[in-house]
Amino acid sequence: MNCEVCQLKELEVEQFEIREVLRCILHTIVFHRALGLVRPRDIDLELFDITYVQCGDIEVEKKIDEKIEQFINWVEKHPNKKSQVLNCCIFHICLSFYQEKNKQASWFTNKIERFYWEQWYINLHVAQHIKIHSGKTHQQKVLVDPGENGLDERIIRRTTLESSLREVLFQVIKFVNEKKDHVPAIPSPDCGVVIFPYEITIPSSSDSAFGMDMIKRMLQTGHPTMLS
């Protein structure tokens, strides 16, 4: 089965921005892969002048929020973790759509196998900023206190991130419009919202394990087609 892969543009974020950025991207992707009766709901971001659309399914919202919270907790516990595979300070989140098929039954098992047909890689570079502690000397504070110049830099960085996030959303729309032949048939004729089976993979106890898992999937699904 052909598995299309989209590597989304890397975004540099601060920890407090992760939740909104991931909600925006993940919900946008799932919305464009939702079929049937969809009740779209516009969501305005609080940190950015951007509006995205959710498909209006409570279970989807719950699943996405749970994974985002797990990812944020992982980042907080591994603030300086580097990818063993790519050797850079980037965190990866993978949203995969798949089909389930019964593998040939044996005497002891009736295994269900997953066939991935589309994967989205969200790449976040989480910026680490030095905090000022009361125990530091005045000279040390001067070195790390952002001041007016630092404030200007943060405004520029926020504007850049907002622009980049818009680019990612357009990248998603371009991908779903151009890549259609690999999308499987609708799994159910029901009138309600139909969401293809999907999973969201976040880093586990070590980046190396997560990286090896990504490589393993690429080998299983074949050489991926990437849109960057």
Measure across [X] and [Y] and return the closest heavy-atom pair with its distance rounded to 0.1 Å.
{"X": "Phe31", "Y": "Pro40", "result": "CE1-CB, 3.8 Å"}
{"X": "Lys67", "Y": "Ile200", "result": "CE-O, 3.2 Å"}
{"X": "Ala127", "Y": "Glu12", "result": "CB-OE2, 3.8 Å"}
{"X": "Glu46", "Y": "Glu20", "result": "N-OE2, 2.7 Å"}

Quick check for you: to the nearest 0.5 Å, what is the distance between [X] atom [atom1] and [Y] atom [atom2]?
{"X": "Ile43", "Y": "Ile50", "atom1": "CD1", "atom2": "CD1", "answer": "14.0 Å"}
{"X": "Tyr121", "Y": "Thr201", "atom1": "OH", "atom2": "OG1", "answer": "8.0 Å"}
{"X": "Leu11", "Y": "Ile122", "atom1": "CG", "atom2": "CD1", "answer": "9.0 Å"}
{"X": "Lys180", "Y": "Phe175", "atom1": "NZ", "atom2": "CZ", "answer": "12.5 Å"}
{"X": "Ile25", "Y": "Ile64", "atom1": "CD1", "atom2": "CD1", "answer": "11.5 Å"}
{"X": "Cys24", "Y": "Leu47", "atom1": "SG", "atom2": "CG", "answer": "11.0 Å"}

Mind checking side-chain contact (heavy atoms from CB on, under 4.5 Å) for Ile156 and listing every partner two or more places apart, or none if nothing turns up?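 Expected list: Thr160.
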Under the side-chain contact (heavy atoms from CB on, under 4.5 Å) test, residues paired with Lys63 that sit two or more places apart:
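With neighbours one apart ignored, the set is Tyr198.
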* To do: Test Glu14 against Arg154 for salt bridge (charged side-chain N to carboxylate O under 4.0 Å, His left out), laying out the working first.
  => CA-CA 10 Å; Glu14 294 186 54; Arg154 289 176 69 87; 3.4 Å; yes
Suppose we screen for side-chain hydrogen bond (donor to acceptor under 3.5 Å, both in side chains). Which residues come up paired with [X], at least two apart in sequence or across chains?
{"X": "Ser163", "answer": "none"}
{"X": "Glu69", "answer": "Arg19"}
{"X": "Asn73", "answer": "none"}
{"X": "Asp44", "answer": "Thr51"}

| task | Any salt bridge (charged side-chain N to carboxylate O under 4.0 Å, His left out) involving residues 164-173? Give me the pairs, sequence neighbours left out, ordered by first then second residue. | result |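 Non-adjacent pairs meeting salt bridge (charged side-chain N to carboxylate O under 4.0 Å, His left out): Lys9-Glu167, Glu162-Arg166.
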Practice item. Mind checking salt bridge (charged side-chain N to carboxylate O under 4.0 Å, His left out) for Glu17 and listing every partner two or more places apart, or none if nothing turns up? Key: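 Partners of Glu17 under the salt bridge (charged side-chain N to carboxylate O under 4.0 Å, His left out) test: Arg157, Arg158.
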With sequence neighbours left out, write down each residue that passes salt bridge (charged side-chain N to carboxylate O under 4.0 Å, His left out) with Glu66, or none if nothing qualifies.
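Salt bridge (charged side-chain N to carboxylate O under 4.0 Å, His left out) check on Glu66 returns nothing, list empty.
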Please evaluate residues His32 and Ile173 with respect to the criterion side-chain contact (heavy atoms from CB on, under 4.5 Å), reporting the C-alpha separation (whole Å), side-chain torsions for both, the decisive distance (0.1 Å), and the verdict. CA-CA 8 Å; His32 284 285; Ile173 295 172; 3.8 Å; yes
Would you call the rings of His182 and Trp117 parallel, tilted or perpendicular, taking 30° and 60° as the class edges?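 His182 vs Trp117 ring planes: tilted.
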**Message:** Using the ring-ring contact (aromatic ring centres under 6.0 Å, His included) criterion, which residues pair with Phe48? Sequence neighbours excluded.
**Reply:**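 Residues passing ring-ring contact (aromatic ring centres under 6.0 Å, His included) with Phe48: none at all.
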Exercise for review: From the options Arg23, His27, Arg41, select the one residue that forms a side-chain hydrogen bond (donor to acceptor under 3.5 Å, both in side chains) with Glu61.
Suggested key: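 When side-chain hydrogen bond (donor to acceptor under 3.5 Å, both in side chains) is applied between Glu61 and each of Arg23, His27, Arg41, only Arg41 qualifies.
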Check your understanding: For the hydrophobic clusters of this structure (ILVMFWY residues joined by side-chain heavy atoms under 4.5 Å, transitively), does one cluster hold both Phe16 and Val126?
Key ->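 Yes, one cluster joins them.
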With a 4.5 Å cut-off on side-chain heavy atoms, are [Y] and [X] touching?
{"X": "Asp181", "Y": "Asn2", "answer": "no"}
{"X": "Val75", "Y": "Val13", "answer": "no"}
{"X": "Val183", "Y": "Phe97", "answer": "no"}

Quiz prompt | Salt-bridge criterion met for Glu199 and Arg114 (N-O under 4.0 Å) | solution =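 Salt bridge between Glu199 and Arg114, a charged N being under 4.0 Å from a carboxylate O: yes.
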Between Val21 and Val168, does a side-chain contact (heavy atoms from CB on, under 4.5 Å) hold up when you go through it step by step?
CA-CA 10 Å; Val21 168; Val168 167; over 6 Å; no
If you count the non-hydrogen atoms of other residues, nucleotides and ligands that lie under 6.0 Å from CD1 in Ile155, is the total more than 12?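 Count over threshold, so yes.
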